[in-house]
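When a residue number appears, it is its place in the shown sequence, counting from 1. What you see below is based on every heavy atom in this structure, not just the backbone, and it leaves out hydrogens, waters and symmetry mates.
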Amino acid sequence: MRLEGLTAAPCPEGNRIVVTWAGSGAPGMRVVRRRTAYPDTPQPEVAAEGVVIADSDPEVGAPAGIRELPDGRFQVVDDGLAAETVHYYRLYPYKGSPARYDEDDDNRISAMATGPYGFADLLYRLLPALYHRYDTVLPDQVLPAAVVEAMEEADRERGQLRRFLELPGGQLDQLYSCVRSLLDLHDLTRVDGRLLPLLGHWIGWRTDESVGLDRRRAEIRNAPALYQTVQTVAAVEATVSRVTGWASRSKEFVDNVFVSNRPERLTLWSARRIEAGWASEDRPLSLDEAHGGRPVAVTDAAGRTRLFYAARKGGRHEIWQKAHIPGEGWSGSEPVVSRPGVNKDPAAAVQGDTVWVFWSVYDQDSGRWRIDFRTGAGRDWSPVTTFRDGPADPSERKAPAALVDGDGALWLFWLERSPGSRWGLRYGRFARTPWDPAPAGSVAFPDDGGADPRVESDVLVLFRPPQEGDPGEGFRRVWVLWARQEPIAGDPEQTRWRIACRVKDGTDLADLGDWGPVFSLVPADERDHDREPAAFVGADGGLEVLWSSTRDGSWSVWQASVDVAANAFGPAAPVTRPPFSERAPLPFRMGDDLMLVYRSNRSLTYDSPAYRAIQTTDRRYSGSTTVRTGNAAAIALHGDYEDFIAYVRDAGSAAGRTDKNRYARDTIGLYLQPDTADPADIDTGKERIRRVLPEFLPATVRAVLL
């Protein structure tokens with residue numbers, strides 16, 4: 001119901017606005033006033049929503065009344081208003097009880113209240129005193145009594161000249177108020193809403209006339225910050241929200257395009273042992289990435305937990321570390337070995353005040369492997385030394401694993417081969433400090449009852465301290481776990497990784513007879529891989545083993561207990577779940593907590609620094625993760641926002657690319673979440689997005705709406 005003749009005008013006497021309209025035909029009328037924007041409810045509950053200034057129903061108790069004029073129009077005088085301030089009014093005709101309000105947007109109007117600056121008094125004072133002396137005709141001498149009674153008390157004592165000057169004085173007051181209001185034209189909270197398009201035009205912002213004044217003010221206020229983020233994902237999502245009011249998530253498909261020189265990347269993540277299992281952290285422990293390799297952790301003499309791991313930096317494979325200081329948390333990453341070449345497979349142990357770090361080195365010039373090491377005390381490191389029997393030693397060595405036994409002696413296990421032979425496991429025990437360990441005096445891994453105890457990769461060694469209830473002093477002291485490839489039953493051409501374990505009773509290096517038999521972890525399916533074992537001694541003295549497996553279609557972390565008396569693995573249970581790859585687990589104790597560090601290709605989520613309500617997902621650290629046919633959870637994400645698998649570029653058809661052709665380096669996807677199910681409204685919103693979005697995208701980028 002649109003009202004006719006709706007006007008709003010400031011009164012010359014100041015601080016007052018008169019709202020006038022013609023009859024609406026409705027029995028009731030409510031007038032609501034608000035600052036900065038038009039009221040959007042006839043029943044405001046707080047001052048920010050508006051104030052009811054008049055109502056036809058006297059029981060409402062509105063401060064101003066609605067009066068009917070002789071010409072049939074209606075009027076409300078809104079008094080006590082702030083000067084040089086624009087006030088916004090909305091009229092709501094209503095009928096019935098309870099009232100049914102007609103919320104027609106055309107029944108809105110605004111006006112700026114002016115202030116009384118006393119220009120009439122100023123003009124009067126500027127006149128010669130002679131005029132003041134003879135200005136003696138008072139209102140009660142020339143005006144009817146009813147009119148005099150309606151006048152303000154000050155006017156009743158003013159002469160006819162002073163009263164006459166109210167006419168030009170009032171107009172000058174209004175002019176002065178209008179001039180003063182020009183000082184606020186730059187103030188988005190005070191400027192008249194009708195001038196907002198001009199403010200937007202000054203900074204190149206197109207004002208959206210379909211949204212309320214408060215939102216228009218906010219858009220112009222935030223425009224400079226938005227311009228600073230043009231061509232970013234956050235700016236795209238903010239634009240979608242501004243144009244449609246819909247939530248959305250943006251995805252750059254460049255990270256879903258397969259690149260042959262960017263294989264799957266694995267960063268370091270952590271979890272904490274709780275009663276119900278393992279609770280993963282929301283953020284990565286380190287963004288230092290590698291293509292594989294298990295980290296290793298030790299606790300030094302100062303009580304710090306030191307984590308060593310391989311990292312790929314600028315195309316080089318290096319050894320880095322992080323330290324956890326009690327009460328302070330994890331430190332930043334810093335290099336232990338930073339040099340050209342391939343440095344990987346770190347092993348570490350603490351012997352007294354000395355931290356030993358060993359690692360594999362591949363010499364790309366000679367095509368040979370060797371083991372280097374260095375020692376540390378505090379933040380000081382010794383020079384890098386090669387583990388060998390003199391410069392002429394012809395043997396290759398790799399994959400070190402270290403432990404310190406109950407007597408404080410250092411054990412080192414490694415894979416070794418001499419020219420013309422194959423890789424085999426050897427180990428040595430070094431009890432002297434200080435000393436320079438060398439392979440001399442090492443022992444080969446003995447046969448398993450005449451069978452070859454073949455060791456190929458992922459060697460892990462663990463010292464099990466004496467436990468209450470052990471049958472002997474040296475019972476199950478040194479544990480060795482590793483991975484090797486075994487043929488599939490019925491298909492010897494196919495092999496799968498299997499985990500094997502062997503235990504040595506006692507710590508006598510020369511005693512080869514106390515090595516027990518090799519026993520293996522039985523896979524759930526012959527075609528599953530199990531590798532990268534890690535273990536820790538449980539509170540009951542038993543052994544808990546974690547490893548990476550493809551049992552659920554993706555590389556995930558699994559765990560099982562080991563019966564130390566029977567040399568048998570218990571039932572396996574998952575620690576992590578698909579779709580992401582999670583590998584190379586490392587359990588270790590850190591104070592009173594049992595921690596787990598593992599490698600994963602999980603994506604990262606960031607809060608936008610410009611728009612706190614917007615989150616962006618970074619998939620760069622997943623690398624080119626290709627499809628595994630058994631990973632049903634990852635395959636089910638195809639086309640979704642969470643999809644992290646890499647595909648070949650989608651070039652579309654000869655007719656061109658559509659929103660269905662999304663997997664390309666120049667494409668960004670907007671996953672819209674409309675607040676309506678009406679297809680027409682959705683199409684309208686998408687069309688508005690298409691018109692505005694190019695202003696906030698690079699010229700070389702295309703957007704698809706999903």
Side-chain angles (χ1 to χ4, degrees), residues 285-286 294-311 318-339 343 345-361 371-388 397 400-414 427-442 459-466 477-479 506-509 534-537 586-595 597:
L285 179 62
S286 172
R294 180 176 50 221
V296 62
V298 295
T299 301
D300 62 17
R304 296 174 299 182
T305 300
R306 301 175 70 169
L307 182 73
F308 300 92
Y309 56 91
E318 304 175 345
I319 306 298
W320 284 61
Q321 72 165 336
K322 290 176 72 72
H324 185 277
I325 303 173
E328 298 183 17
W330 287 101
S331 68
S333 302
E334 58 183 18
V336 177
V337 180
S338 179
R339 62 186 183 184
N343 303 272
D345 303 327
V350 175
Q351 189 181 40
D353 294 334
T354 303
V355 178
W356 292 85
V357 180
F358 301 83
W359 66 92
S360 302
V361 181
I371 292 176
D372 285 354
F373 69 91
R374 69 190 311 184
T375 60
R379 299 185 62 87
D380 299 324
W381 288 98
S382 69
V384 175
T385 306
T386 299
F387 179 70
R388 62 185 177 183
R397 300 177 181 88
L403 65 83
V404 172
D405 63 21
D407 298 325
L410 175 71
W411 292 63
L412 185 66
F413 291 72
W414 67 90
Y427 62 97
R429 183 174 187 266
F430 310 95
R432 295 180 294 112
T433 55
W435 47 271
D436 227 359
S442 64
V459 180
L460 176 106
V461 295
L462 177 72
F463 177 74
R464 178 177 175 272
R477 283 296 176 265
V478 179
W479 290 72
T507 56
D508 185 354
L509 180 69
F536 64 94
V537 178
L586 170 70
F588 61 94
R589 297 196 179 276
M590 190 171 66
D592 296 331
D593 294 326
L594 181 61
M595 303 296 298
V597 172

Report the residues that fulfil side chain to side chain donor-acceptor pair (under 3.5 Å) with R388, sequence neighbours left out, ordered by chain and then residue number.
none
Sequence-distant partners of A349, side-chain contact (heavy atoms from CB on, under 4.5 Å), two or more places apart
A402, V404, L410
Measure the shortest side-chain to side-chain distance between V336 and R306 over non-hydrogen atoms and say whether it is less than 4.5 angstrom.
no
Who pairs with A311 by side-chain contact (heavy atoms from CB on, under 4.5 Å), at least two apart in sequence or on another chain?
D288, Y309, K313, W320
What's the shortest heavy-atom distance between P400 and L412, and which atoms?
CB-CD1, 4.1 Å
Kindly indicate, with the supporting measurements, whether the criterion side-chain contact (heavy atoms from CB on, under 4.5 Å) is fulfilled by H324 and L307.
CA-CA 8 Å; H324 185 277; L307 182 73; over 6 Å; no
Here the gap from E334 atom CD to K322 atom NZ, rounded to the nearest 0.5 Å, amounts to 9.5 Å
Residue set satisfying ring-ring contact (aromatic ring centres under 6.0 Å, His included) with F308, at least two apart, ordered chain then number -> none
Is there side-chain contact between M595 and T305, with heavy atoms separated by less than 4.5 Å?
no
Can you sort out the partners of R339 under side-chain contact (heavy atoms from CB on, under 4.5 Å), two or more places apart, ordered by chain and number?
V337, N343, W359, V361, R370, D372, V384
For A297 versus L586, what's the shortest heavy-atom pair and its separation?
N-CD2, 3.6 Å
pair Y427-L509: side-chain heavy atoms closer than 4.5 Å:
yes
Quick check: does any side chain N or O of R477 sit under 3.5 Å from a backbone N or O of G406, one acting as donor and the other as acceptor?
no
In the structure I gave you, are the side-chain heavy atoms of P439 and W414 within less than 4.5 Å of one another anywhere?
yes
Quick one: does T375's side chain have a donor or acceptor within less than 3.5 Å of a partner on T354's backbone?
no
Any side-chain heavy-atom pair from P346 and P295 closer than 4.5 angstrom?
no
How far apart are the closest heavy atoms of Q351 and G408, and which atoms are they?
NE2-O, 2.9 Å
By side-chain contact (heavy atoms from CB on, under 4.5 Å), A302 pairs with (sequence neighbours left out) D300, R304
Nearest 0.5 angstrom please: S442 OG to F413 CZ, how far?
11.0 Å
Which of parallel (below 30°), tilted (30 to 60°) and perpendicular (above 60°) describes F358 and F387?
perpendicular
Provide the closest heavy-atom pair for G352 versus A301 in the form atom of the first, atom of the second, distance.
O-CB, 4.1 Å
What's the separation between atom OG in S333 and atom CD in E318, rounded to the nearest 0.5 Å?
12.0 Å
So, applying side chain to side chain contact (heavy atoms under 4.5 Å, CB included) with V478, which one of L462, L403, D405 is it?
L403
Looking at CH2 of W411 and CZ of F430, how far apart are the two atoms once the value is rounded to the nearest 0.5 Å?
10.5 Å
May I ask you to check whether over 12 heavy atoms, not counting those of D593, lie within 6.0 Å of atom CG?
yes
Could you walk me through whether V298 and W356 satisfy the side-chain contact (heavy atoms from CB on, under 4.5 Å) test, starting with their C-alpha distance in whole Å, then the side-chain angles of each, then the deciding distance to 0.1 Å, before giving a yes or no?
CA-CA 10 Å; V298 295; W356 292 85; over 6 Å; no
